[in-house]
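Worksheet: the structure to be examined is printed underneath.
In listed order, ligands and their atoms are each counted from 1.
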Amino acid sequence: MKVGGKHYRTIYPVGDGRTIEVIDQTRLPHEFTLMRLHSLDDAVRAIADMIVRGAPLIGATGAYGMALGLSADATTAALEAARARLIATRPTAVNLRWAVDEVVAAVAPLPVSERAAAAFQCAAEICDEDVANCASIGEYGKHILAEIASKNPGRPINVLTHCNAGWLATVDFGTALAPIYKAHEAGIPIHVWVDETRPRNQGASLTAWELGQHGVPHTVIADNAGGHLMQHGRVDVCIVGSDRTTKNGDVCNKIGTYLKALAAHDCGIPFYAALTGPTIDWEMTDGVAQIHIEERSVDEVRWVRGRTAEGNITSVSVLPEGSAAANPGFDVTPARLVTGIITERGVSPATAEGLRHLYPELDT
Ligand code: MRU
């Protein structure tokens with residue numbers, strides 16, 4: 001997608017192809033900074049410190065992390081150690097394990113001397129596949145938005161989204177935001193309610209930024225405002241991303257998503273999750289019981305990062321001294337609250353039958 005009119009992916013090889021460049025998302029929206037990853041350590045830190053984030057991009061970074069690790073040591077012991085370190089960075093997004101295991105499967109049968117090159121090749125293919133998948137999600141989702149627009153002529157359709165599931169969270173195009181970009185490009189009048197998404201504000205700092213870069217009308221709201229807007233008929237549809245979706249359609253996404261689904265259900269508003277195939281965990285059937293929810297540092301709740309009037313980037317504490325805090329990073333929206341799942345293969349009801357129909361080869 002574009003930054004200042006120039007096309008960017010969120011991750012790509014540079015130089016001799018053995019160095020990986022990413023956008024440092026901790027500096028957005030105030031600074032657009034690129035960062036180079038030269039080693040497994042760099043990739044592990046980039047994921048753990050959320051320099052890169054979003055399930056598909058975490059996966060792509062995991063794949064390149066394997067390649068960077070194998071560049072230094074391609075023995076089987078090092079391969080297994082690299083896999084373990086990368087998977088341990090963040091537990092909830094299943095794309096990470098999927099991508100790392102794709103690389104292991106591709107290189108483990110090879111002679112040690114050929115593993116690093118094959119790993120870089122595999123990581124590049126994972127990125128290209130993600131771009132194609134997200135573009136396809138955009139097309140399928142655009143039809144849903146066009147249908148809603150045809151029923152509401154003469155006004156923009158209002159889409160509410162939570163967190164950032166845009167191109168910054170993938171390699172390009174995004175998942176939940178891809179239909180919005182495609183609809184906007186197609187001239188469908190659209191407006192996006194952007195949940196700020198406490199505590200790290202991925203909505204306010206990333207979704208608003210990337211929509212702004214593409215001229216898509218949007219309004220940032222406090223996370224607690226969405227239900228009220230729904231009650232007053234100011235939201236036509238909700239579209240969110242996912243970090244892990246079970247084979248029967250339970251959708252795990254950024255903390256707060258479940259509350260939006262409950263409000264949408266209560267107000268009769270369609271609630272869609274957009275996700276690529278690698279985000280489906282075919283070994284799980286009960287998201288609330290089975291999905292490991294990442295607990296992140298309470299400092300993310302205690303401190304808020306922003307820019308002062310003088311232009312300085314700083315963090316301020318918003319809690320009284322001595323108050324405890326907690327920071328679960330994700331929650332699970334049960335399938336019963338999900339209107340449909342928008343994938344690269346089409347739109348499915350949030351059911352085991354529906355997903356199996358789209359991915360017959362995966363539900364073994
Ligand atoms: O903690 P984050 O920023 O990695 O959480 C990201 C989300 O919850 C996204 O909605 C999800 O990963 C889908 S990204 C296409």
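Here Phe32 and Tyr8 bring their ring centres to under 6.0 angstrom of each other. Under the 6.0 Å cut-off for aromatic ring centres, His265 and Phe271 do not qualify, their centroids lying 6.0 Å or more apart.
Each of the atoms 1 (O), 2 (P), 5 (O), 8 (O) of ligand 1 lies under 4.0 Å from some heavy atom of Lys254. Counting atoms of ligand 1 from 1 in the listed order, those under 4.0 Å from a heavy atom of Asn164 are 9 (C), 10 (O). For ligand 1, the atoms closer than 4.0 angstrom to any heavy atom of Cys163 are 5 (O), 6 (C), 7 (C), 8 (O). Ligand-side atoms of ligand 1 in range of Met50: 1 (O), 2 (P), 3 (O), range being under 4.0 angstrom from any heavy atom. Residue contact check: Arg90 has heavy atoms under 4.0 Å from atoms 1 (O), 2 (P), 4 (O) of ligand 1. Atoms of ligand 1 lying under 4.0 Å from at least one heavy atom of Ser242, given by number and element, are 11 (C), 13 (C).
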message: The test is salt bridge (charged side-chain N to carboxylate O under 4.0 Å, His left out); show your working for Arg198 and Asp223 and say whether it passes.
response: CA-CA 7 Å; Arg198 283 274 294 157; Asp223 294 328; over 6 Å; no
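Of all the listed residues (Ile47, Ile137, Asp243, Leu177), Asp243 holds the heavy atom that lies closest to atom 8 (O) of ligand 1.
Although no hydrogens or angles enter the test, the distance criterion places a donor-acceptor pair under 3.5 Å between the side chain of Gln290 and the main chain of Asp286. For His218 (side chain) and Val216 (main-chain N/O), a donor-acceptor pair under 3.5 Å exists by modelled atom type. In this structure a side-chain-to-backbone donor-acceptor pair under 3.5 Å is present from Arg115 to Ala108. Glu344 places a side-chain N or O within 3.5 Å of a backbone atom of Gly277 that can act as its donor or acceptor partner.
Taken from CG in Asn164 to OG1 in Thr197, the straight-line distance is 8.5 Å, to the nearest 0.5 Å.
Of the protein's non-hydrogen atoms, Thr175 OG1, 3.1 Å is the one closest to atom 15 (C) of ligand 1. Given atom 14 (S) of ligand 1, the protein heavy atom at minimum distance is Ala169 CB, 3.5 Å. Protein heavy atom in closest approach to atom 10 (O) of ligand 1: Asn253 OD1, 2.6 Å. What sits closest to atom 6 (C) of ligand 1 on the protein, heavy atoms only, is Arg53 NH2, 3.5 Å.
The side chain of Gln202, and not its backbone, has at least one atom closer than 4.0 Å to an atom of ligand 1 (non-hydrogen atoms only; side chain from C-beta on). At a heavy-atom distance under 4.0 Å, no atom of His162 approaches ligand 1. Counting heavy atoms closer than 4.0 Å to ligand 1, residue Ala55 contributes atoms from both its backbone and its side chain. Contacts between Arg200 and ligand 1 below 4.0 angstrom, taking non-hydrogen atoms only, are absent altogether. Within the 4.0 Å heavy-atom criterion, neither part of Ala176 lies near ligand 1. Contacts between Leu57 and ligand 1 below 4.0 angstrom, taking non-hydrogen atoms only, are absent altogether.
Tested against Thr175 for a side-chain contact (heavy atoms from CB on, under 4.5 Å), the candidates Ile137, Thr343, Ile239 yield a single pass: Ile137.
Residues Arg244 and Asp250 are not paired through a salt bridge, judged by the lack of any N-O separation under 4.0 Å between the basic side chain and the carboxylate.
For Asp24 and Thr26, the side-chain atoms include at least one donor-acceptor pair closer than 3.5 Å.
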